[in-house]
**Q** 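Right, I'll just put the structure down here and ask away after.
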Amino acid sequence: MSTYKVVITDYEFSTLEQEEAALGSLDVEIIRAQCRTEEDVIEVAKDADALINQYAPISRKVIESLPNLKVVSRYGIGVNTIDVEAATENGVIVGNVTDYCLDEVSDHAFALIMACARKVVTLNNAVKNGNWDYKVSVPIFRLPGRVLGLVGFGKIPQTLAKKAQAFGINVISYDPFVSAEVASEFNVELVDLNELCAKSDFISVHAPLIEATRGMISDEQFDLMKKEAFIINTARGPVIDEKALIRALEAGKIGGAGLDVLEDEPIASDHPFLKIENVILNPHAAWYSEESQLELQRKTAQNVADVLSGYYPTYLFNRDVKEKVSLKEKDNQ
């Protein structure tokens, strides 16, 4: 019988070789599952020491039903599938991976910005429908001197800022948790959210999904935006009030949207976005490259390996848990 049981609650990957390699030096049993509900997780993981999680809900009910649970490590930067407060209260370490797709997401966000700015999809669709006429894209503006507003200024938007500035775009940001000193290092001005919405030609959303950010961009913000402005979202769908965005698009209040994420995924077959021409839709793909996927799998599993080996993980999300769980720091190895 193995010393530890690790349950992978759900996953989309074709192979779990990276996870097996990261955990290979430990005496572990790895259980592969495709859980969708709390009950699914509780049933398969009732005696688990660790969970590796993608989309399955790791709620308070789940956490309090797993008496041996020591760590939950999530495939991704966000931890919105996990009740972090419940985990911390119960001495369960939460891990994520904060740096696996910085270039991928910032590249994808900029690709959506460029596609919107140059009306690439509109022109493509026109040509394929027999209309060879650049005027279907009017108006298009030069990029130098345009303003990009970043909602959130963590590692990904910081990376995006440098790429946009290389094209002559001016960058501003709203992030109440970032100091003016940090922003100035990137030649970025910090402003409040409404000022950002009023000044920006492109708005790129990079805020995490927490209660304070749910629906933070709504009717008030869309009413402030320029008629030619585009909103880009590669973060989490619910940060934007989707009904308000639909109203703004249908009323012609903004120029369009480039969305890699939605409130509900996958998109419903009758969703209004599918019929709005100036909306570009991608299937939550910004994080992906062959390299980033392997890195994500390896680092997610390594969080678990660290904890089961007696160390705090490199990517410790709920640092307050240190008041309840005493492990070694990895720097002491």
Side-chain angles (χ1 to χ4, degrees), residues 9-10 35-38 41 51 53-65 69 71-98 105 109 149-157 173-179 190-197 203-225 231-248 257 259-267 284 286-287 315-324:
T9 63
D10 57 311
C35 302
R36 293 292 178 265
T37 66
E38 294 174 315
V41 179
L51 302 180
N53 167 252
Q54 190 162 25
Y55 301 123
I58 311 302
S59 63
R60 179 176 291 274
K61 178 181 177 181
V62 169
I63 291 166
E64 294 181 348
S65 298
L69 188 62
V71 56
V72 181
S73 185
R74 184 169 187 276
Y75 291 119
I77 297 172
V79 292
N80 48 290
T81 61
I82 304 167
D83 189 326
V84 177
E85 182 178 348
T88 303
E89 289 175 9
N90 287 274
V92 175
I93 287 172
V94 175
N96 60 345
V97 184
T98 59
V105 177
L150 301 171
V151 180
F153 200 60
K155 292 180 180 179
I156 289 172
S173 180
Y174 165 70
D175 192 325
F177 302 104
V178 169
S179 69
L190 288 179
V191 297
D192 66 35
L193 180 59
N194 284 355
E195 183 179 355
L196 180 144
C197 291
I203 296 166
S204 190
V205 177
H206 300 279
L209 179 59
I210 56 177
E211 281 310 304
T213 63
R214 187 178 295 274
M216 70 184 294
I217 299 177
S218 192
D219 291 294
E220 178 184 358
Q221 286 69 43
F222 289 118
D223 286 345
L224 293 168
M225 292 180 193
I231 188 161
I232 309 299
N233 193 358
T234 54
R236 288 292 183 269
V239 175
I240 297 176
D241 179 342
E242 213 163 83
K243 289 183 173 60
L245 174 55
I246 292 167
R247 287 191 290 269
L259 307 175
D260 185 55
V261 290
L262 299 172
E263 282 188 4
D264 296 304
E265 299 173 4
I267 193 169
H284 203 145
W287 64 273
Y315 303 95
L316 173 61
F317 183 82
N318 57 337
R319 295 190 174 277
D320 290 346
V321 80
K322 288 185 174 184
E323 297 176 6
K324 290 182 173 286

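Everything numeric here is computed off the predicted structure, so don't read it as measured data. Here, residue 1 is the first one in the sequence, and each next residue gets the next number.
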**Q** Would you name the heavy atoms of Pro157 and Phe153 that are closest together and state the gap between them?
**A** CG-CA, 3.5 Å
**Q** From Leu196 CG over to Asp175 CG, what is the distance, rounded to the nearest 0.5 angstrom?
**A** 11.0 Å
**Q** List for me each residue that meets side chain to side chain donor-acceptor pair (under 3.5 Å) alongside Ser173, sequence neighbours excluded, and say none if there are none.
**A** none
**Q** Does atom NZ (Lys322) have a neighbourhood of more than 12 heavy atoms from anything else shown, all under 6.0 Å?
**A** yes
**Q** For Leu316 and Val321, run side chain to side chain contact (heavy atoms under 4.5 Å, CB included): C-alpha distance rounded to whole Å, both residues' side-chain angles, the deciding distance at 0.1 Å, then the answer.
**A** CA-CA 9 Å; Leu316 173 61; Val321 80; 4.2 Å; yes
**Q** Restricting to pairs with a member in residues 204-220, which pass salt bridge (Lys or Arg N to Asp or Glu O under 4.0 Å), not counting sequence neighbours?
**A** Glu211-Arg214, Asp219-Arg247
**Q** Got a second to check how far Leu69's CG is from Ile63's CD1, nearest 0.5 Å?
**A** 7.0 Å
**Q** Can you sort out the partners of Asp320 under salt bridge (Lys or Arg N to Asp or Glu O under 4.0 Å), two or more places apart, ordered by chain and number?
**A** none
**Q** Without swapping roles, check the side chain of Asn96 against the backbone of Ile77 for a donor-acceptor pair under 3.5 Å.
**A** yes
**Q** Could you tell me which residues satisfy side chain to side chain donor-acceptor pair (under 3.5 Å) with Asp83, sequence neighbours excluded, listed by chain and number?
**A** none
**Q** Say you draw a straight line from CD of Glu242 to CD1 of Ile217; how long is it, rounded to the nearest 0.5 Å?
**A** 12.5 Å
**Q** Ignoring hydrogens, what is the shortest heavy-atom contact between Phe222 and Ile231? Give both atom names and the distance.
**A** CE2-CD1, 4.1 Å
**Q** Judged by atom type as modelled, is there a donor-acceptor pair below 3.5 Å linking the side chain of Asn80 to the main-chain atoms of Leu209?
**A** no
**Q** Could you list the residues that satisfy side chain to side chain contact (heavy atoms under 4.5 Å, CB included) with Val261, not counting sequence neighbours?
**A** Asn233, Glu265, His284
**Q** Among all residues two or more places apart in sequence or in another chain, which pass the side chain to side chain contact (heavy atoms under 4.5 Å, CB included) test with Ile210?
**A** Ala212, Thr213
**Q** For a quick check under 3.5 Å, do Asn53 and Thr9 share a side-chain donor-acceptor pair by atom type?
**A** yes
**Q** Just jot down the side chain to side chain donor-acceptor pair (under 3.5 Å) partners of Gln221, sequence neighbours excluded, or say none.
**A** Asn194
**Q** Enumerate, atom names and distances included, each donor-acceptor pair closer than 3.5 Å involving a side-chain atom of residues 84-94, sequence neighbours excluded.
**A**
| from | atom 1 | to | atom 2 | distance (Å) |
| --- | --- | --- | --- | --- |
| Thr88 | OG1 | Val84 | O | 3.0 |
| Thr88 | OG1 | Asn318 | ND2 | 3.0 |
| Glu89 | OE1 | Arg60 | NH1 | 2.9 |
| Glu89 | OE1 | Arg60 | NH2 | 3.3 |
| Asn90 | ND2 | Ala86 | O | 2.7 |

**Q** So, taking the atom named CG in Leu262 and the one named CD1 in Ile240, what distance separates them when rounded to the nearest 0.5 Å?
**A** 9.5 Å
**Q** Can you name the closest pair of heavy atoms from Met216 and Leu193 and give their distance?
**A** O-CD2, 3.6 Å
**Q** For Leu259, which of Thr234, Val205, Leu245 qualifies under side-chain contact (heavy atoms from CB on, under 4.5 Å)?
**A** Leu245
**Q** Mind checking what makes side chain to side chain contact (heavy atoms under 4.5 Å, CB included) contact with Ser204, not counting sequence neighbours?
**A** Ala109, Leu148, Leu150, Leu160, His206, Ile232
**Q** Atom OG in Ser218, atom CG in Asp223: separation rounded to 0.5 Å?
**A** 9.0 Å
**Q** Output all residues satisfying side chain to side chain donor-acceptor pair (under 3.5 Å) with Lys155, sequence neighbours left out; order by chain, then residue number.
**A** none
**Q** For atom CG of Asp192, decide whether the heavy atoms of other residues, nucleotides or ligands shown that lie under 6.0 angstrom number more than 12.
**A** yes
**Q** Looking at residues at least two apart in the chain, or sitting in another chain, which of them share a side chain to side chain contact (heavy atoms under 4.5 Å, CB included) with Tyr55?
**A** Asp10, Glu12, Arg74
**Q** Of all residues at least two apart in sequence or in a different chain, which pass the ring pair (Phe, Tyr, Trp, His ring centres under 6.0 Å) check with Tyr75?
**A** Phe13
